[in-house]
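The next block holds one structure in the form of structure tokens; read it before the comments.
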Amino acid sequence: MIDRRALLGGAAASATLIAGRAWGQSAAPVRTAAGAFQGVIEGGVRVFRGIRYGRAERFRAPVPVPAPAEVQPVDGFGPTAPQSGNRYGAQSEDCLFLNIWTAEANPRALKPVMLYIHGGAYSGGSVTDPLNDGRALAARGDVVAVTVNHRLNAFGYLYLARLDPRFPDSGNLGQLDLILALQWVRDNIVAFGGDPRRVMVFGQSGGGAKIATMMGMPAAKGLFHRAATMSGQQVTASGPLNATARTRAYLGKLGVKENDLGALLAMPREKLIEGLAATDPVLGGGVYFGPVLDMKWLTRHPFWPDANPQSLGIPMILGNTHDETRAFIAPDSAKMRDLGWGNIAERIAPELRIDILPEWVVSEYRTRYPGWTPEQVFYDATTCGRSWRGQVIEAEERAKAGAPGFVYQLDFGSRTDPRRGAFHTMDIPLVFGTLAAEGSQTGTGADAHAASKAMQDSFVAFARAGDPNHAGLPRWPRYGLDKRATMVFDARSHVENDPRKWQRELFARVPYIQPGT
């Protein structure tokens, strides 16, 4: 039996737990088919941290767990999935835990459920990040908030099926963890006041990509009823041959022979994390892990050659930030420090992640925007050519199919470092209402509260009825190819038709290939 308190670690988890004990109190247990769980009360919200939803052996599919006979105290986050670094505290392969915030643990409440999947690509991240705290969402009284941890990197996406028949599910284990968590929510959330028929999944970056992937996984069918992706798309999955080549590179880094994977099972998890430094044979850099077109759990690409018909009936929000790549390439980094017109083409080429003539891109931008600096061209081109393309493709494929979709662009920029603008992850604290949390750059002024209210009210309305419109916002039309209506979230939010039309058409001249696939 795992000692739950011994697993707590990291500033985020510890601070939250300490706060809960200082000003909260134990709540009456909530009884479900999965067991009875005793959380704490914090600011009028009942919080259940660290509910186990499954177990898993290394490189094998997760399984549900029997309901324990005793009441389970769930007052501290479970461990984070193993990953490089120790930003989020204690790590363990035994990481299949979820967290629930509810203002009313009453089976008759039947409030919509908002289940968040964290970012960090497929290799890092955790919902123990203070930006992902669900208390402000649940304190509204109109939703139940859920966050989920799951397996990542080699533990969740190392594809071994072509090398060893013992691991037929490898390559998509992180996805199967999320599906198991959604099954747990379906079967148990009503006791926490949630409606299992109105489950909205939302996720930022890698979390959005995992959602886009699940929209094409038959095993996920019927488990969620609305979806919102925040700067996270998955047009295509990793091909099985590329995935196998990456597996071989990873095994080579670890000194494991592909015809004898017993050593891989016996290695300590720290050693497996060291193997992530293997050079990717397709992309270069660190080895990529992500969902695999294994023809078992994922039998076609999520959004190629079109939007997967399985999920066309699910309303979807697709969003991106205006300055995505300012999060990845710091304004004071070596790449940007002496940037000028003489070296911008060379430096922009690898950051575009598409095969396009960089000198031509720079020339087109200078003609279109003669007053822009090299830095402005660099960030706009890399954002539009690299980070935004997937969202455009997904939104347009759904529009072609007549599927309900709503698109947003976040223009609200950093208030603590204005050079970063509306960078990647900027929308997380706005949706969660965690403006003052560690890591937030929104500030806590009236403008931040206005942008946060607009986004949060839209997401909650969407969770409730599959439509993000509400009284405090201009009408947000469905996305269609005639106008490409887009909600621009800012201190004063408004709708624009086809924003960045010029950039969209510029980069549409070359094929888009999902990085890593």
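Being a predicted model, the structure only gives us computed values, none of them experimental. Just so you know, residue 1 is the first one in the sequence shown, and it goes up from there.
- Two residues are said to be in side-chain contact when any heavy atoms from C-beta on lie closer than 4.5 Å; D306 and R300 meet this criterion.
- Judged as a ring-ring contact (aromatic ring centres under 6.0 Å, His included), and not counting sequence neighbours, F224 has no contacts.
- Partners of Y116 according to the ring-ring contact (aromatic ring centres under 6.0 Å, His included) rule, which considers only residues two or more places apart in sequence or in another chain, are F202, F432.
- In this view, H424 and F328 satisfy the ring-ring contact (aromatic ring centres under 6.0 Å, His included) rule, not counting sequence neighbours.
- Using a 4.5 Å cut-off on side-chain heavy atoms (C-beta onward), F489 and L473 make contact.
- For E364, the salt bridge (charged side-chain N to carboxylate O under 4.0 Å, His left out) criterion is met by no residue, not counting sequence neighbours.
- Residues passing the salt bridge (charged side-chain N to carboxylate O under 4.0 Å, His left out) test with D467: none are found, sequence neighbours excluded.
- Within the cation-pi definition used here (under 6.0 Å to the ring centroid, within 45° of the axis), R415 qualifies as a partner of F412.
- At distances below 3.5 Å, at least one donor-acceptor pair connects side-chain atoms of W476 with backbone N or O atoms of V407.
- Remark: W502 engages Y365, Y369 in a ring-ring contact (aromatic ring centres under 6.0 Å, His included) (not counting sequence neighbours).
- Sorted by first and then second residue, the ring-ring contact (aromatic ring centres under 6.0 Å, His included) pairs with a member in residues 380-402 form an empty list; sequence neighbours excluded.
- A side-chain hydrogen bond (donor to acceptor under 3.5 Å, both in side chains) check over residues 343-357, counting only residues at least two apart or in different chains, returns the pairs K335-E351, D338-R347, E351-R386.
- Every residue two or more places apart in sequence or in another chain that forms a salt bridge (charged side-chain N to carboxylate O under 4.0 Å, His left out) with D177 is listed here: R151.
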Check residues 310-318 and write down every donor-acceptor pair under 3.5 Å in which the side-chain atom is one partner and the other belongs to a residue at least two apart or another chain.
from : atom 1 : to   : atom 2 : distance (Å)
Q310 : NE2    : M217 : O      : 2.9
S311 : OG     : M215 : O      : 2.5

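- The salt bridge (Lys or Arg N to Asp or Glu O under 4.0 Å) contacts involving residues 470-492 comprise E396-R484, where partners must be two or more places apart or lie in separate chains.
- In this structure K111 satisfies the salt bridge (charged side-chain N to carboxylate O under 4.0 Å, His left out) test together with E104, sequence neighbours excluded.
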